[in-house]
Protein chains: 2
Amino acid sequence: MKIDPDSPEELSAQIARAIRAAIMDGSLKVDERLPSEAELAESFGVSRPTVREALKRLAAQSLIRTQRGASGGAFVARQSYAQAREQLITTSTLLLSMNGVDFATACEARYALERACVPLAAARRSADHLAAMRAEIARQSTAGLSDEAFCASDVAFHRALVDAAGNPILSYQLAGAVEAMQPLMNMITFTARSRERIWALHGRIADAIEARDAAEADRGLADLAAYTAELGADVMAARAARRVNRHTEGA
Amino acid sequence: MKIDPDSPEELSAQIARAIRAAIMDGSLKVDERLPSEAELAESFGVSRPTVREALKRLAAQSLIRTQRGASGGAFVARQSYAQAREQLITTSTLLLSMNGVDFATACEARYALERACVPLAAARRSADHLAAMRAEIARQSTAGLSDEAFCASDVAFHRALVDAAGNPILSYQLAGAVEAMQPLMNMITFTARSRERIWALHGRIADAIEARDAAEADRGLADLAAYTAELGADVMAARAARRVNRHTEGA
DNA sequence: CGATTTTCATTTGTCAGACAATTAAAAGTC
DNA sequence: GACTTTTAATTGTCTGACAAATGAAAATCG
């Protein structure tokens with residue numbers, strides 16, 4: 001663990017990198033206690049505030065957790081699926097919104113990923129997963145639901161579908177992708193007609209999963225992907241038209 | 001942007017959360033400059049070191065970048081695919097290693113995700129992607145390659161396959177998943193025989209992608225998944241056997 | 001002696017103030 | 001006008017201090 005005071009890189013960043021490397025290569029194990037801030041400061045030859053900045057960097061990635069008091073300190077944190085999902089959602093959401101990823105690309109990615117776990121879901125789905133999917137379908141078919149609530153239920157349905165695959169890695173990766181797309185999905189205003197079509201497709205997919213018919217579920221998901229892309233394209237076209245109008249009026 | 005000094009949550013964490021929320025909901029746009037540390041300290045009613053800890057938390061997630069000097073400060077950073085990938089790899093790697101995710105589960109997730117982009121890759125692959133895949137196959141078939149180098153080439157091959165799908169979201173998500181698995185893959189020692197089988201399968205997949213035959217590429221990938229799982233199972237069985245031996249000798 | 005309370009030492013959280021390093025803009029100079 | 005110098009703003013780092021939390025040891029009491 002060496003740092004270079006003459007490097008242009010900030011000292012706190014160097015220290016964070018050194019400790020992160022130690023965690024990732026296993027030199028520091030889960031729940032192991034790091035030296036106290038004062039000890040770290042001395043061993044790195046920097047002041048305590050600098051060490052603290054480094055530790056906050058690591059805390060932001062939930063690589064460590066800290067505890068006050070005697071026998072307190074910084075401990076290597078076990079990476080939980082929940083935390084990892086949060087991080088992934090934050091990163092993915094910003095990646096989509098800041099880079100102007102178009103709806104079609106995001107949609108394509110989302111459904112491609114989701115279709116990856118359909119075979120597993122068909123093979124392994126439990127009654128609980130099916131019940132969760134049915135519950136969301138029921139909610140989606142109730143009248144007077146706001147667009148946000150409809151979207152949230154849509155996410156929950158797909159989450160249940162992914163969880164049915166019974167692979168936590170897939171759940172973690174796909175939950176991130178699906179949730180990150182929610183802001184994009186929220187741009188769509190769902191008519192009663194389009195909602196009906198969507199929950200009908202959801203029903204078809206749930207039926208297929210229940211029947212352990214992966215091929216049929218895949219076809220249902222493909223249809224849903226196509227229909228979602230179509231809805232998105234309509235919204236984008238309408239927006240583009242409005243922009244042209246404004247521009248024409250202004251000129 | 002309000003913070004509560006009486007909350008058990010650290011002030012720097014609250015401040016980071018407030019600013020993060022402002023970035024994610026669009027109140028702070030890309031490249032926009034945040035107030036100076038002194039101004040933030042005053043407006044939040046805390047000291048400058050506390051503000052700095054909050055900013056380091058955000059910097060660790062690459063939500064902001066800072067610049068020294070007059071007209072310097074903290075700026076909202078555009079989330080790049082490269083940065084997002086780094087984060088995803090760090091998180092996923094630790095998630096796998098710290099939670100004792102078994103080889104079979106990780107392998108299943110990886111190949112499920114990869115198969116999701118085979119249809120797109122078959123449809124859109126360019127000559128460049130094919131060339132990249134062929135180059136890695138050539139490397140894999142050279143003699144005297146270390147296990148690490150073989151694994152790295154394997155990752156590069158799959159990376160090219162994923163990139164061929166032409167969807168940056170998929171590339172980002174899958175690159176993370178594939179690279180995070182590398183430590184697990186490195187536990188396998190590849191015999192000349194298994195290497196030959198692997199690069200032969202790679203060749204079959206590349207041929208299918210070149211011929212735009214998604215079904216054949218999918219079959220190749222499925223075979224590769226099965227073979228990889230088999231190799232992993234052998235390694236795990238051997239390990240388990242060694243453990244039992246040690247235990248028996250000890251008793 | 002055992003249980004309870006008190007004290008205490010350790011460690012993180014926060015603050016105040018200072019100085020160094022960097023950098024862009026303003027002022028000065030030729 | 002082009003170049004150099006100065007200056008002001010801003011982050012990076014340090015020092016020293018105190019508050020708050022917390023577990024362990026010491027003291028007290030039944």
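So that the names make sense, note that chain A is the first sequence line, chain B the second, and so on, each numbered from 1.
Atom CD in B/Glu9 sits about 19 Å away from atom P in C/dT12, given to the nearest Å. One interatomic measurement links the two molecules: CG of A/Leu55 to P of C/dT12, which rounds to 8 Å at whole-angstrom precision. Atom-to-atom, CG of B/Leu11 to C1' of C/dT14 comes out at 7 Å; the value is rounded to the nearest Å. Counting to the nearest Å, the C1' atom of D/dT11 and the CZ atom of B/Arg65 are 14 Å from each other. Look at CG on A/Leu40: it is 17 Å from C1' on D/dC14, rounded to the nearest Å. Straight-line distance from the CZ atom of B/Arg52 to the P atom of D/dT10: 14 Å, rounded to whole Å. Computed from coordinates, the A/Lys56 NZ to C/dT14 P distance equals 7 Å when rounded to whole Å. Following rounding to the nearest Å, A/Glu53 (CD) and C/dC15 (P) show an atom-to-atom distance of 14 Å.
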Contact list (N/O, under 3.5 angstrom) for nucleotides 15-25 of chain D vs protein:
residue: D/dT22; atom: O2; partner: A/Ala70; partner atom: N; Å: 2.9

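Ion pairing between a basic and an acidic side chain is recognised when a charged N comes within 4.0 Å of a carboxylate O; B/Glu108 and A/Arg124 show such pairing. Between A/Arg110 and A/Asp154 there is a salt bridge, since a side-chain N of the basic residue sits under 4.0 Å from a carboxylate O of the acidic one.
Every salt bridge (Lys or Arg N to Asp or Glu O under 4.0 Å) that B/Glu10 has, sequence neighbours left out, goes to A/Lys56, B/Arg57. With sequence neighbours left out, A/Phe150 forms a ring pair (Phe, Tyr, Trp, His ring centres under 6.0 Å) with A/Phe190.
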Where do A/Glu148 and A/Cys151 land on the side chain to side chain contact (heavy atoms under 4.5 Å, CB included) test, with the steps shown first? CA-CA 5 Å; A/Glu148 283 73 22; A/Cys151 273; 5.7 Å; no

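Distances shorter than 4.0 Å separate none of the side-chain N or O atoms of B/Ser12 from OP1 or OP2 on C/dG13. One finds a side-chain N or O of B/Thr66 lying less than 4.0 angstrom from the OP1 or OP2 phosphate oxygen of D/dG12. At the phosphate of C/dC15, OP1 or OP2 sits under 4.0 Å from a side-chain N or O atom of B/Thr50.
Counting non-hydrogen atoms under 4.0 angstrom, B/Arg33 reaches the backbone sugars and phosphates but no base.
Annotation for B/Arg159 and B/Ala175: closest pair NE-CB, 3.9 Å, computed over non-hydrogen atoms.
The distance from atom CD of A/Gln182 to atom CD1 of A/Ile89, rounded to the nearest 0.5 Å, is 9.0 Å.
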